[in-house]
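Order of the sequence lines fixes the chain letters, A, B, ..., with proteins taken first and strands second; residue numbering starts at 1 for each chain. All figures in this text were calculated on a predicted structure; none of them were measured in a lab. Hydrogens, waters and symmetry mates are skipped; everything else that's a heavy atom, side chains included, is used.
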Amino acid sequence: MTAPAPMAEAAFVGIAELPSGRYPDRSFMGSLVDVAVEAVRDAGLSMTDIDTLLLIPCLHSAADQADLVFSRVVEELGLAGRAKSSVMLHSGGSTSDNTVRTAASLIAAGHARNVLILQAEKWGSAPVGEMIDMLTANGIPREWEKASGLSFNAVGALIARRYMAVSGATAEEMASVCVALREWARLNPNAMYRDRALTVAQVLDSRLVSDPLRAFECPMMADGAVALVLTGAERARASHETWVRIAGSGGCVSHYSIGQEPDLAVLGWPTASAQAYEQAGWGPGDADIAEVYDSYAAVLAIALEGLGLAPVGDAARMFAAGDFSPGGRLPVNTNGGLLSAGHTGVGGGTALLAEAVRQLLGRAGSARQIEGAARAVCGGSGGTYMDSQVLLLERVSR
Amino acid sequence: MAAITEPYYEALGRGRLVLQHCKACDQAVMYPRHRCPVCHERDLGWISASGRGVLLSFAVQRFGAPSGFDADTPYALGVVRLAEDVQLLGRLWPDADGEWNAYACDAPVEFHPAAPEEVLRRPVAWFRLNPR
């Protein structure tokens, strides 16, 4: 018997992103093709090097999502007859984390050489009411909870109220999370709110939408598109000075229905992060940046605490103290996050992941690049915050 | 699905809160399931709930309600953990002033049904503060 071939470690070598916001003239398929071409060029590859496409779903249109399922992108990119596999993966807001784990596994097992991950969303241009109804019809148990009138803002509010009760965080401290993210967004030319400042007073003056959440504490739906390219580390080494590896991952699916979550102020983060840090062999104190799903302030605060990046109960207070802002102790969501870069549906997590890779490659631009960033903690969640997914990323230099 | 939902909503329409119960492992089950999620047997029946529990959290929906719910606003949703150690999402009766300021996380609450016609319109379990 011959020895098995050594496992090929996956390496991020290419990224591309379109600005987030309202772009009604930007087509869905055109956006996908644009980021695909740019990311493959960024990776130093030819389109025909791509053998596997992993597609992150859009939520604005069932028809556009069906185009992803049925391989339209393969035709659009000229890969018909060449692509080995084109598949859409979906776990809501944590999709990009699960997709990256899948890509890395395919590369490691020899089932794929070069993987293109694609995402585009048109939420910002879609009718808001239709999107609220679409969300209400998906991810909320129709037999048991839909009749109560549960909305996704109410899901965020249930988590926020519990977090505030347990931690003692004040409304001002919760608002400061949104303000810190806005400060980051002001440094990101791709962010929806790059041109609009935000103060704690403005947040607290905005109308109550779903107590205790106010309008400026709810994410704004946006259009966006992101692409990522992964290859094997040996190929990366041959053509790149620097790439990004996946040091560890962890996950915990803690519930489906918000009514079934036993600890709304903890969720699955402690379980997920313990797995990831054990695999990586490093801990939260070693992180240079964190890029963590943040569709509501409490969701981010809870995640940072479960990831060990803030003492339990202190995350909102630390946001208020500026610890996670530009120039602070630990840069968090350096692209502005979903709350200020724009909530591009499933893509909000993809944009955070792309930002982590961008920072580790040293390509975030002078305004927000974290000097020497070598280790990133990435966290994804979604739906009713049913799962907590952790990716620990590291820069590798030849 | 009807086999699971019907006994629950039929009881709710009569002002009763019932839970699924696994006879094989003597476990209360909520939300109702196709098989017991603990022992995976099919021997599931129904029991009356105590109706008493604690409020884990609550939200008051004022704007941006799903279609058809605008006329209900403001309305309060709460996650209740019952004495039987199972949970559900329900509606909360307002205080006398029409708001929910007397409610707090971990407050004791009790099931207090809505009128049958309201349960027909919105099949939901309603809870109020339990001063005991």
What part of A:Leu158 gets closer than 4.5 Å to chain B, counting heavy atoms only: side chain, backbone, both or neither? both
Distance col, row B:Gln61:CD vs A:Leu150:CG, nearest 0.5 angstrom, shows 8.0 Å
Might you point out which heavy atoms bring B:Gly64 and A:Ser151 nearest each other, and give the distance in Å? O-CB, 4.2 Å
Could you check whether the rings of A:Trp144 and B:Tyr31 sit parallel, tilted or perpendicular, using 30° and 60° as the cut-offs? parallel
Which value, rounded to the nearest 0.5 Å, describes the distance between A:Glu261 atom CD and B:Gln87 atom CD? 7.5 Å
What part of A:Ser148 gets within 4.5 angstrom of chain B, counting heavy atoms only: side chain, backbone, both, or neither? both
Against chain A, label B:Pro32 side chain, backbone, both or neither, depending on which of its atoms sit under 4.5 Å from a heavy atom there. both
Does A:Asp211 form a side-chain contact (heavy atoms from CB on, under 4.5 Å) with B:Arg62? I'd like the steps, not just the answer. CA-CA 8 Å; A:Asp211 290 1; B:Arg62 297 180 188 278; 2.8 Å; yes
In terms of heavy-atom pairs under 4.5 Å, which option from A:Ala157, A:Ala154, A:Gly149, A:Gly156 contacts chain B the most? A:Gly149
Search all heavy atoms of B:Ser57 against all heavy atoms of A:Arg161 and return the closest pair with its distance. OG-CB, 3.3 Å
Please give me the minimum heavy-atom distance between A:Ala147 and B:Val124, naming the atom from each residue. O-CG2, 3.4 Å
Is the number of heavy atoms from other residues, nucleotides or ligands under 6.0 Å of B:Arg121 CZ greater than 12? yes
Interface residue of largest heavy-atom contact number with chain A, from B:Pro123, B:Gly90, B:Pro66, B:Cys105, under 4.5 Å: B:Pro66
Tell me, out of B:Leu89, B:Val60, B:Asp106, who's got the most heavy-atom pairs with chain A below 4.5 Å. B:Val60
So, the part of B:Tyr75 with a heavy atom under 4.5 Å from chain A: the answer is side chain
Heavy-atom pairs under 4.5 Å with chain A - which of B:Tyr8, B:Trp126, B:Trp100 has more of them than the others? B:Tyr8
Ignoring hydrogens and angles, tell me if any N or O in the side chain of A:Arg162 forms a donor-acceptor pair with the backbone of B:Leu56 under 3.5 Å. yes
If I take atom CG from residue B:Leu88 and atom CD from residue A:Gln260, how far apart are they, to the nearest 0.5 angstrom? 8.0 Å
Is the number of heavy atoms from other residues, nucleotides or ligands within 6.0 Å of CZ (B:Arg33) greater than 12? yes
Find the one option among A:Pro141, A:Ala265, A:Ala215, A:Pro262 whose heavy-atom pairs under 4.5 Å with chain B are most numerous. A:Pro262
Which portion of A:Ile132 sits near chain B, non-hydrogen atoms under 4.5 angstrom: side chain
Of the backbone (N, CA, C, O) and the side chain (C-beta and beyond), which part of B:Phe63 lies under 4.5 Å from a heavy atom of chain A, both, or neither? both
Measure distances from A:Ala165 to the heavy atoms of chain B and classify the residue's part below 4.5 Å as side chain, backbone, both or neither. side chain
